[in-house]
Amino acid sequence: MGYVIKGETCDWEVVIGLEVHCQVISKAKLFSGAATDFGAEPNTQVSLVDAAMPGMLPVINEECVRQAIKTGLGLKAQINTKSVFARKNYFYADLPQGYQISQADQPIVGAGTIILDMPDGTSRSVGIERLHLEQDAGKSLHDQDPKRSFIDLNRTGVALMEIVSDPDMRSPEEVGAYLRKLRSIVRYLGTCDGNMDQGSMRCDVNVSVRPVGSDELRTRAETKNVNSVRFAMQAIEYEATRQVEIYDNGGEVVQETRLFDASTGTTRSMRSKEHAHDYRYFPDPDLLPLVFSDELVEEIKATLPELPDERKDRYINDFGLSPYDAGVLVAEKDTASYFETVAEGRDAKMAANWVINNLFAVLSEKGIGITESPVSADNLGKLLGLITDDTISTKIAKEVFEIMVESGDDPEKIVEEKGLKQITDTGAIEAAVDAAIEAGAKQVEQYKGGNEKILGWFVGQVMKATQGKANPGQVNKLLKEKLDA
Amino acid sequence: MSKLTELNIASARDGLNKGEFSAAELAEAYIKAMEAGRELNAYITETPEVALERARQSDDRRAKGDHLGAMEGIPIAMKDLFCTEGVLTTAGSHILDGFVPQYESTVSANLRSAGAVMLGKANLDEFAMGSANITSYYGPVKNPWGAKVGKDLVPGGSSGGSAAAVSGGLAMAATGTDTGGSIRQPASFCGIVGMKPTYGRCSRWGTVAFASSLDQAGPMTQTVQDAAIMLGAMAGHDPKDSTSAPIDLPDFEAAITGDVSGLTIGIPKEYKMDGMDAEIQAMWDQGIEWLKAKGCNIKEISLPHTKYALPTYYIVAPAEASANLARYDGVRYGLRVPGDSLDDMYMNTRGEGFGDEVKRRILIGTYALSSGYYDAYYIKAQKVRTLISNDFKAAFEDVDAILTPTAPSAAFGIGENQDDPVAMYLNDVFTVPTSLAGLPGISVPAGLSKSGLPLGLQLVGRAFDEGTLLNVASALEDAAAFNFKPGGEG
Amino acid sequence: MSLDKDTVNKIAYLARMRVADDKLEPLAGELSSILDWIEQLQELDTDGVEPMASVSDVTLPQRKDVVTDGNCQTAVLKNAPDSEDGFFTVPKVVE
């Protein structure tokens with residue numbers, strides 16, 4: 001049984017749907033020629049169109065259209081070759097037109113699917129209801145002046161893709177998996193950088209609860225603008241508990257917009273936004289229907305990169321990796337390409353183990369991403385090569401790896417300089433074996449008496465004498481030959 | 001040489017080409033006329049310095065033998081709905097107080113690069129919403145013909161300042177905009193030619209928007225030939241306007257051949273309305289006879305959904321306007337009336353900044369789009385718009401142009417028709433259907449009413465067939481031989 | 001269709017326009033008479049008719065993804081009733 005909240009009268013399950021806003025990667029804005037770069041001086045990346053000067057008109061950026069189609073294809077979704085832009089009317093200081101150009105009942109992308117890779121290695125499918133293109137709003141700064149808010153329109157009009165899921169998720173973990181998977185897909189596609197901390201991916205979380213076993217959909221509350229996976233999971237836990245408490249106390253959940261407070265992990269009602277909202281959507285008369293050909297869709301389809309799901313299947317089928325390992329490696333495009341460099345021409349399972357067990361530990365300890373790894377993929381590959389061709393043992397390899405983490409050096413150079421090369425010279429090993437047997441008359445007796453475990457003592461002696469560099473296989477083989485003789 | 005202010009575009013062009021006078025002299029003459037005619041309130045902002053500078057530049061180009069544009073040295077009034085760089089632009093509204101655009105609308109830029117000389121910004125109904133030019137924050141415009149009947153008359157609207165300026169000799173020609181009749185109806189009231197081209201012919205970029213799916217700029221001139229010259233200079237594809245038609249411009253002036261024989265002119269029976277003014281009917285009948293005499297075939301046609309055009313228009317246009325006017329919020333330009341909160345500031349600014357008619361239309365539009373009413377009003381109106389458009393498509397299978405009256409009456413007195421908004425809306429009964437269908441229409445002065453006021457006839461053409469329309473209009477103009485002037489001396 | 005004062009007040013708020021209390025009643029009357037007149041559209045059967053949003057029969061033109069605009073802070077702020085440090089300003093918003 002999954003995520004269940006114990007109520008006073010019954011057990012409750014939580015029903016979650018997400019609306020994720022992904023900032024489209026493009027040079028210029030959706031309907032104006034101003035730049036989209038992050039962090040410029042206020043109101044410098046603003047055209048007269050973005051500032052909604054009288055008589056200014058929108059003209060759509062073809063790249064944003066292509067990016068939306070691409071993302072739709074990545075979500076295995078229906079692409080609508082005819083869609084319509086609509087005005088969503090409301091007043092706000094950072095919305096210069098007094099309406100947001102969005103898409104209402106005719107979005108560019110229809111129903112699709114996302115496969116979630118759960119931590120236990122199982123998969124779950126979540127429906128995508130739609131994806132539509134719309135304009136981002138500007139930014140209001142409230143802490144610059146005691147009496148005024150300051151408005152920067154640099155982000156006004158940057159293209160967003162709003163991706164709406166079906167209410168298919170049932171636990172915070174599934175939501176976490178959904179967000180990570182969606183982020184992974186848009187990053188693979190290059191349609192959104194997926195950086196939640198910079199706000200280029202943000203989500204609104206719709207939560208309702210219902211008694212376990214029921215299939216009703218109760219009133220939901222929407223928590224706006226959650227900007228991390230962890231916060232989304234926290235918001236759901238808080239919301240689910242809050243709503244169950246309301247029902248337990250005989251109350252009713254009200255449909256409303258709530259705000260997540262990251263400092264407390266709670267949500268609170270945004271009553272100010274509740275006042276008489278009526279967006280009055282209607283087709284934007286400044287824009288005609290967006291129409292493109294099936295050929296364009298096919299052309300874009302042909303340029304799609306391998307996506308995480310296909311890559312995962314390949315890792316399982318071609319490399320023999322476990323679904324869990326494969327899922328971990330494909331989750332981030334950078335991790336997957338790192339892994340593929342390491343595994344190139346080598347044992348893929350071994351490569352997967354080293355990346356997941358050794359490298360990830362280092363990265364998480366240092367709190368850095370794989371692109372900042374002190375050990376390059378080429379060098380880790382070389383290290384694995386040294387193990388495979390018996391230049392060093394696995395044990396020595398771990399020492400070398402630690403040195404690589406500190407210095408970033410080439411493992412071949414480290415092995416050479418530190419003289420860590422495995423001794424495979426039979427003569428040298430034989431001398432050490434002979435010395436061990438000679439020194440251990442008592443242990444020889446025990447061995448002959450049937451205590452085979454004592455063999456380890458001889459191995460230890462040989463390793464000590466060779467500073468661990470003797471090839472363990474050869475040591476074992478020689479010891480047995482001599483003792484059994 | 002006749003008085004410079006009695007010339008039209010074509011004759012001034014000849015005079016300039018022959019060196020009979022300079023563009024600067026022409027501009028000076030009109031600046032004097034403009035100052036002398038201030039009583040009409042035709043201009044919100046006079047720009048004599050701009051006019052003289054551009055006139056001198058035009059003279060320089062001519063002297064140097066540079067390329068000369070179609071409107072070289074022609075002094076015009078610019079409806080104050082076109083944003084003009086560095087020149088106050090008001091849309092006739094308090095809410096745009098002090099707004100000086102940092103850009104030039106495509107239409108005014110096109111005219112400028114064709115050599116036109118801007119005399120000033122012409123008065124208009126607030127945000128082009130009105131049929132009498134009485135809703136302007138800058139006061140009503142007087143029709144120059146009022147002097148003849150000794151009464152303050154409206155010039156029609158919304159391009160009332162433009163019409164009055166041309167009619168009163170305060171500009172050689174003027175720009176107008178037409179959403180439901182705002183060029184054609186004032187042209188009819190003031191005895192001039194006014195043309196709304198096909199939707200998409202003139203760029204809307206930089207023109208203050210009223211109803212985006214209907215707004216079109218067009219020329220307001222003394223003659224049909226002038227309209228052809230000026231339209232050629234204003235129009236053309238503009239990539240900055242997504243609804244601008246990507247079609248090459250024909251030579252409109254050359255389309256006027258004087259030969260209209262064999263063309264079929266449709267007479268829509270639904271335009272013969274109950275209670276129609278006998279004078280208007282007589283004028284229309286006269287127009288039919290004139291065209292017949294010019295060799296046209298006359299054919300009765302049916303546009304069955306005509307009576308639904310006005311109510312359709314009064315959903316579609318206000319709905320679009322309610323969103324188009326949301327940007328006037330006191331944040332980035334224009335009037336700001338302080339308030340305790342953001343909402344308070346919005347409410348105060350928009351409450352004070354908009355006049356009653358604009359408020360009415362914003363409220364109607366907001367209501368028509370609001371939850372629960374969207375289908376019953378907005379979608380319904382859009383569907384009826386389809387039917388109206390289909391009426392015209394069917395009619396144009398059989399005819400080359402359609403002849404109707406332009407307006408149901410001659411100019412009326414300032415203060416009349418003001419109590420009942422719907423009565424005022426009826427002024428556009430003959431012009432609105434064309435606007436909804438996006439078709440070109442032109443009003444040609446045809447004669448005088450019994451009381452001595454001008455009456456216009458409207459011709460409607462096929463989409464992007466302004467050439468034929470202008471040719472028929474020219475034939476009508478020739479037959480009507482309308483050469484009356486306002487001001488009493490005749 | 002008749003609009004009452006409260007409805008007019010609600011719409012006026014949606015449109016963020018202050019309407020004086022004593023003007024609500026007459027305005028409700030005017031708007032109601034306009035809506036009554038518009039009501040005649042309901043007598044038309046429009047089942048199966050496509051709504052017409054635009055008279056243009058061309059499709060939406062698209063532009064290249066090139067930065068061609070912006071970098072005009074002065075022009076953007078030129079007409080602002082109140083601005084500071086490159087920002088527009090409004091009465092403080094409390095969220």
Side-chain angles (χ1 to χ4, degrees), chain A residues 26-29 32-36 41-51 53 59-66 82 84-85 89 91-93 98 138 140-142 144-154 259 270 272-273 275-276 278 280 282-285 287-292, chain C residues 3-19 24 31 35 38 41 46 49-95:
Chain A
S26 65
K27 294 188 196 81
K29 293 181 180 181
S32 89
T36 57
E41 288 297 304
N43 292 309
T44 54
Q45 295 188 350
V46 178
S47 74
L48 300 173
V49 176
D50 305 319
M53 291 289 164
V59 181
I60 199 165
N61 180 343
E62 63 176 13
E63 178 64 11
C64 299
V65 174
R66 295 178 72 99
K82 181 182 177 192
V84 171
F85 285 96
N89 297 285
F91 285 87
Y92 199 65
S140 305
L141 305 172
H142 305 303
Q144 309 283 307
D145 185 281
K147 289 202 163 138
R148 297 174 300 171
S149 291
F150 283 31
I151 310 298
D152 173 15
L153 302 179
N154 279 348
L259 202 63
M270 284 174 78
S272 61
K273 286 240 169 182
H275 196 48
D278 183 344
R280 292 161 281 135
F282 76 106
D284 191 328
L287 295 162
L288 304 166
L290 172 63
V291 178
F292 46 82
Chain C
L3 291 187
D4 57 20
K5 257 176 74 175
D6 286 350
T7 310
V8 174
N9 207 20
K10 209 186 99 197
I11 310 167
Y13 177 72
L14 269 180
R16 296 297 187 278
M17 290 189 305
R18 175 101 53 228
V19 177
L24 283 173
L31 297 179
L35 289 170
I38 286 168
L41 292 182
T46 51
V49 178
E50 267 304 297
M52 183 186 218
S54 171
V55 295
S56 307
D57 50 11
V58 290
T59 57
L60 186 65
Q62 301 183 28
R63 48 169 243 277
K64 300 273 176 225
D65 183 26
V66 181
V67 176
T68 54
D69 210 339
N71 257 324
C72 52
Q73 196 200 48
T74 315
V76 164
L77 296 171
K78 181 85 180 171
N79 284 284
D82 188 34
S83 67
E84 194 169 316
D85 293 341
F87 293 94
F88 294 104
T89 66
V90 295
K92 196 166 186 85
V93 177
V94 186
E95 275 189 335

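Note that this is a predicted model, so its numbers are computed, not measured. The chains referred to below are lettered A, B, ... by the order of the sequence lines, with proteins before strands, and numbering in each begins at 1.
The candidate with the highest count of non-hydrogen atom pairs below 4.5 Å against chain C, out of A:Gly33, A:Ser32, A:Pro283, A:Ala28, is A:Gly33. Across A:Ala34, A:Cys64, A:Pro285, A:Gly98, the residue that shares the most heavy-atom pairs under 4.5 angstrom with chain C is A:Ala34. Between chain A and the residues C:Asp85, C:Thr59, C:Val58, the most heavy-atom pairs under 4.5 angstrom are made by C:Thr59.
Rounding to the nearest 0.5 Å gives a distance of 9.0 Å between CD of A:Gln144 and CD of C:Glu84. For the atom pair NZ of A:Lys147 and NZ of C:Lys92, the computed distance is 11.5 Å after rounding to the nearest 0.5 Å. Atom CG of A:Asn61 is separated from atom CD of C:Gln62 by 8.5 Å, given to the nearest 0.5 angstrom. Here the CG atom belonging to A:Asn43 is positioned 9.0 Å from the OG atom belonging to C:Ser83, to the nearest 0.5 angstrom.
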Exercise for the section: Report the C-alpha separation of A:His142 and C:Val93 in whole Å, then their side-chain angles, then the decisive distance to 0.1 Å, and conclude whether the side-chain contact (heavy atoms from CB on, under 4.5 Å) test is met. Expected result: CA-CA 7 Å; A:His142 305 303; C:Val93 177; 3.6 Å; yes
Practice task
Begin from the C-alpha positions of A:Asp152 and C:Phe87 and carry the test side-chain contact (heavy atoms from CB on, under 4.5 Å) through to its verdict.
Solution key: CA-CA 6 Å; A:Asp152 173 15; C:Phe87 293 94; 3.7 Å; yes
Exercise for the section: Might you work through the salt bridge (Lys or Arg N to Asp or Glu O under 4.0 Å) test for C:Arg63 and A:Glu62, ending with a clear yes or no? Expected result: CA-CA 6 Å; C:Arg63 48 169 243 277; A:Glu62 63 176 13; over 6 Å; no
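Looking at C:Val90, both its backbone and its side chain come within 4.5 Å of chain A, counting heavy atoms on both sides. Contacts of A:Pro289 with chain C are made by backbone atoms alone, with heavy-atom separations under 4.5 Å and no side-chain atom involved. Heavy atoms of A:Lys27 lying under 4.5 Å from chain C belong to its backbone as well as its side chain. Using a 4.5 Å cut-off between heavy atoms, A:Val49 makes no contact with chain C at all. When heavy atoms are compared at a cutoff of 4.5 Å, A:Ser140 does not approach chain C at all. Contact of A:Ala35 with chain C is made through backbone and side chain together, with heavy-atom distances under 4.5 Å. For a residue to count as touching a neighbouring chain, one of its non-hydrogen atoms must lie under 4.5 Å from one of that chain's; by this rule A:Arg280 touches chain C with the side chain only. Of the atoms belonging to A:Lys82, not a single heavy atom falls under 4.5 Å from chain C.
The pair C:Lys10-A:Asp278 does not count as a salt bridge, with every side-chain nitrogen at least 4.0 angstrom from each carboxylate oxygen. Salt-bridge formation is not detected for the pair C:Lys64/A:Glu63: no Lys NZ or Arg NE/NH1/NH2 atom is positioned less than 4.0 Å from an Asp or Glu carboxylate oxygen.
The closest donor-acceptor contact from the side chain of C:Asp65 to the backbone of A:Ser26 lies at 3.5 Å or more, if one exists at all. Remark: the backbone N or O of A:Leu288 is not paired with any side-chain donor or acceptor of C:Ser54 at under 3.5 angstrom.
Between A:Ile60 and C:Leu60, the closest side-chain pair of non-hydrogen atoms falls below 4.5 Å.
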Using atom types as modelled, flag every donor-acceptor pair under 3.5 Å from a side chain in residues 68-80 of chain C to any protein atom, sequence neighbours excluded.
from: C:Gln73; atom 1: NE2; to: A:Pro42; atom 2: O; distance (Å): 2.7
from: C:Asn79; atom 1: OD1; to: B:Val100; atom 2: N; distance (Å): 2.9
from: C:Asn79; atom 1: ND2; to: B:Val100; atom 2: O; distance (Å): 2.8

